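Not measured: the values here are computed from a predicted model.
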Amino acid sequence: MDSFLFASTLYLLAACVAVPLAVRLGLGSVLGYLTAGIMIAPLEGLVGSETQNLQHFAEFGVVMMLFIIGLELEPRALWDMRHRLIGLGGLQVSLTTGLILAAAMALGVPWQGATAIGLIFALSSTAIVLQTLNEKSLMGTNGGRSAFSVLLTQDIAVIPMLALVPLLVWPGLSNRAAATGAHENTNHGAASDVMHMLEGLPGWGVTLITLAAIVLIIVGGHYMTRPIFRYIHRARLREMYTAVSLLFVVGVAALMVLVGLSPALGAFLAGVVLANSEFRHELAADIEPFKGLLLGLFFITVGAGINFETLLSAPFVILGLTLGMMAIKASVLFVLAILFKIKGRDRMLFTLGLAQAGEFGFVLTSFTVQQNVLPTEMSETLLLVIALSMLLTPLLFIAYDKLQHRFMEQSEAVPHDDIDDQQPIIIAGIGRFGQVVNRLLQSSGFQTTVLDHDLPLIQLMRRFGFKGYFGDPTRPEMLHAAGLAEAKVLVVALDDPKAAVKIVAFARKERPDLIIIARARDRVHVFELYKAGADKIVREMFDSSLRAGRYVLEGMGLTEHDAHEQEVAFFRMDRHAMSDLADLWDPNIPVSENEAYLERAKALNRDLEVELLAKLTKPQAVDAAE
């Protein structure tokens with residue numbers, strides 16, 4: 001136990017040193033965790049076999065991550081993904097397996113071992129890819145959704161792969177005993193114990209038990225969670241919510257292992273079942289801290305598992321095998337992206353993001369050695385190739401960040417629309433904010449010229465009968481083509497704060513008399529737009545928050561008139577405060593370090609409280625006098 005505590009302390013210390021440094025350098029947390037593991041690798045003699053124990057805990061990070069993702073997906077959304085799951089994911093697994101099988105046979109590996117190697121390398125890292133996509137807010141993109149579909153298909157494919165591997169015995173190979181000690185450091189050693197519960201049963205019995213487990217998860221998740229949470233609620237102990245959330249995830253994972261299915265897949269299915277539950281936010285909040293920590297430990301164990309002795313014995317061979325495998329996978333992914341019409345930056349994200357091997361490759365590698373499919377020496381090389389490819393993946397995402405704008409300019413062939421209609425009102429950006437503005441104006445009898453760089457959104461607008469033009473509103477020629485020289489009002493409703501400031505500054509320079517109304521994300525963005533020359537600035541959440549506050553005042557007993565008066569008074573005072581603070585704001589000084597700004601903000605807050613309380617108590621004083 002003492003060595004376990006020592007190993008845990010060492011791992012956490014390495015993470016606390018490496019991860020913040022990697023994030024500050026713009027390398028991302030995943031590369032920081034992998035680096036922490038590499039730092040620990042030379043100390044393997046100090047931590048001993050406790051690394052394996054930590055790996056068993058870390059495996060649940062992947063399970064919890066897929067559970068949380070499932071909570072964010074409604075069953076209808078999963079059904080909508082069926083074509084990508086079956087078509088895109090299925091083709092990726094089969095084509096990658098076939099090409100790597102051929103490459104392995106060309107290197108002299110028998111077809112049984114080559115098939116196993118193809119299956120191992122067909123899988124990608126669910127943990128690294130999804131963690132990075134979430135960190136970089138890329139999950140909602142077409143490339144991110146496509147990558148997730150392929151990863152989910154791969155997780156499902158692990159099940160038939162485990163069933164196929166025992167049929168691929170390498171003739172004359174007998175290294176089961178040697179494998180026992182050689183592969184204790186694989187990340188998913190427990191996978192070799194699956195299906196013990198089902199031994200001796202006929203095929204139909206195995207099928208029935210497997211289906212029963214899935215039905216139990218679906219029915220239990222739908223009908224049992226409400227009474228369980230109500231029972232826990234009566235205890236009024238916050239930690240019990242966390243306990244029942246962990247029990248749910250760990251229990252589902254254990255059930256999946258007992259019937260020979262992937263625990264990560266089971267957790268994902270459970271999350272989808274609970275996606276419409278009123279408890280899903282509570283579950284996600286309770287699981288999130290454990291997920292992040294365990295995923296971090298998982299990445300550290302991957303870094304610590306890199307065998308540098310094997311690497312240094314043949315560095316060019318192993319690096320060449322790693323890059324060759326990643327090149328084959330990237331080629332398959334690129335072709336599939338073209339076939340499934342994934343374009344531009346999404347195509348590059350999809351190709352680079354899934355080009356590595358994955359954590360389930362450790363499962364299959366260990367299993368193939370135990371089943372006499374691959375020799376121990378070859379499996380050590382495969383484990384090293386998997387770990388190195390995972391180590392290179394964060395670097396590929398960094399390359400994507402650096403190259404995406406240039407790639408978009410070179411590869412996106414959709415031409416901008418020719419604007420054949422100029423109206424007195426120009427709306428740049430037709431997202432949720434711009435749509436409401438546009439509908440109000442057109443309902444009031446005013447015509448608009450709408451610009452947006454999101455082609456699917458423009459096409460959707462047209463299907464509903466609204467006219468819009470595809471093009472980048474930040475380009476001067478697009479604004480001039482839209483009628484900037486004659487327009488009366490420009491509405492800047494873009495999601496991108498920097499692009500919004502750029503448009504406002506250009507339009508103000510070209511047309512000093514133009515009325516510019518701009519959408520702002522927060523206070524700092526308000527100040528930037530104010531400096532750029534916007535006439536009216538609307539914070540995207542401000543008005544809706546005011547309305548919600550007014551409803552709260554009414555709920556606390558104020559009349560509708562008094563609540564409205566408080567809302568109007570707050571609006572006027574806040575607008576006055578923003579004007580004052582804009583003069584003190586300095587883009588070169590962080591707000592938290594701008595003393596003049598802070599002092600004035602405090603004084604304005606005091607004035608606001610005094611005026612609102614005066615308005616609130618004045619009617620009461622009059623009533624008392626009467």
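- Residues Phe121 and Leu382 are in side-chain contact: their nearest non-hydrogen atoms beyond the backbone lie under 4.5 Å apart.
- Listed by first and then second residue, the side-chain hydrogen bond (donor to acceptor under 3.5 Å, both in side chains) pairs that reach into residues 98-124 are Ser124-Gln154, Ser124-Lys329, sequence neighbours excluded.
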Under 3.5 Å, side-chain donor or acceptor atoms of residues 312-325 against the rest of the protein: list the pairs with distances, not counting sequence neighbours.
unit_1 : atom_1 : unit_2 : atom_2 : d
Ser313 : OG     : Thr310 : O      : 2.5
Thr322 : OG1    : Ile318 : O      : 2.9

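- Considering OG1 of Thr35 and CD1 of Ile300, their distance stands at 10.5 Å, rounded to 0.5 Å.
- For Val244, the side-chain contact (heavy atoms from CB on, under 4.5 Å) partners at least two apart in sequence or on another chain are Ile228, Phe229, Ile232.
- Between Leu349 and Leu133 there is a side-chain heavy-atom pair separated by less than 4.5 Å.
- Counting heavy atoms from C-beta on, the side chains of Leu167 and Leu164 come closer than 4.5 Å.
- The closest donor-acceptor contact from the side chain of Arg347 to the backbone of Ala337 lies at 3.5 Å or more, if one exists at all.
- Across Ala15 and Tyr33, no two heavy atoms sit closer than the pair CB-CE2, 4.0 Å.
- Residue pairs meeting the side-chain hydrogen bond (donor to acceptor under 3.5 Å, both in side chains) criterion with at least one member in residues 93-108, sequence neighbours excluded: Gln92-Thr96.
- In terms of heavy-atom proximity, Ser379 sits nearest to Val369 at CB-CG2, 3.3 Å.
- At a threshold of 4.5 Å between non-hydrogen side-chain atoms, the residues Phe350 and Phe334 do not count as touching.
- Interatomic distance, Leu91 CG to Leu333 CG, rounded to the nearest 0.5 Å: 11.5 Å.
- With Tyr400 as the aromatic partner, Arg345 does not meet the cation-pi criteria of under 6.0 angstrom to the ring centre and within 45 degrees of the ring axis.
- When all heavy atoms of Gly32 and Val19 are compared, the pair lying nearest together is C-CG2, 3.8 Å.
- Of all the heavy atoms in Leu354 and Ala147, the pair that sits closest is CD1-CA, 3.8 Å.
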* Does the pair Asp286 and Leu246 meet the rule for a side-chain contact (heavy atoms from CB on, under 4.5 Å), with working shown? -> CA-CA 8 Å; Asp286 289 333; Leu246 288 173; over 6 Å; no
* Starting from the C-alpha separation in whole Å, work towards a yes-or-no answer on side-chain contact (heavy atoms from CB on, under 4.5 Å) for Leu384 and Thr381. => CA-CA 5 Å; Leu384 191 55; Thr381 300; 5.7 Å; no
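- At distances below 3.5 Å, not a single donor-acceptor pair connects side-chain atoms of Ser146 with backbone N or O atoms of Gly143.
- Between the CG atom of Leu12 and the CG atom of Leu297 there is a distance of 6.0 Å, given to the nearest 0.5 Å.
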Acceptor/donor pairs from residues 387-398 side chains to any protein atom, 3.5 angstrom cut, sequence neighbours excluded:
unit_1 : atom_1 : unit_2 : atom_2 : d
Ser389 : OG     : Ala357 : N      : 3.1
Ser389 : OG     : Val385 : O      : 3.4
Ser389 : OG     : Ile386 : O      : 2.7
Thr393 : OG1    : Gln356 : NE2    : 3.1
Thr393 : OG1    : Ser389 : O      : 2.9

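- Judged purely by atom type and a 3.5 angstrom limit, Asp346 has no side-chain atom pairing as donor or acceptor with the backbone of Ile342.
- Separating the CZ atom in Phe148 from the CZ atom in Arg145 is a distance of 12.0 Å, to the nearest 0.5 Å.
- Between Val129 and Gly353 the shortest heavy-atom distance is CG2-O, 3.1 Å.
- With sequence neighbours left out, the side-chain contact (heavy atoms from CB on, under 4.5 Å) criterion links Leu339 to Val335, Leu336.
- The shortest non-hydrogen separation linking Ile117 to Ala104 is CD1-CB, 4.4 Å.
- Distance check, rounded to the nearest 0.5 Å: CG of Leu352 to CE of Met326 gives 8.5 Å.
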* Asked: Which is it for Leu119 and Val93 under the side-chain contact (heavy atoms from CB on, under 4.5 Å) test, yes or no, and what are the steps along the way?
  -> CA-CA 8 Å; Leu119 295 174; Val93 172; 5.7 Å; no
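- Side-chain contact between Asn142 and Lys343: absent, with no pair of heavy atoms (C-beta onward) separated by less than 4.5 Å.
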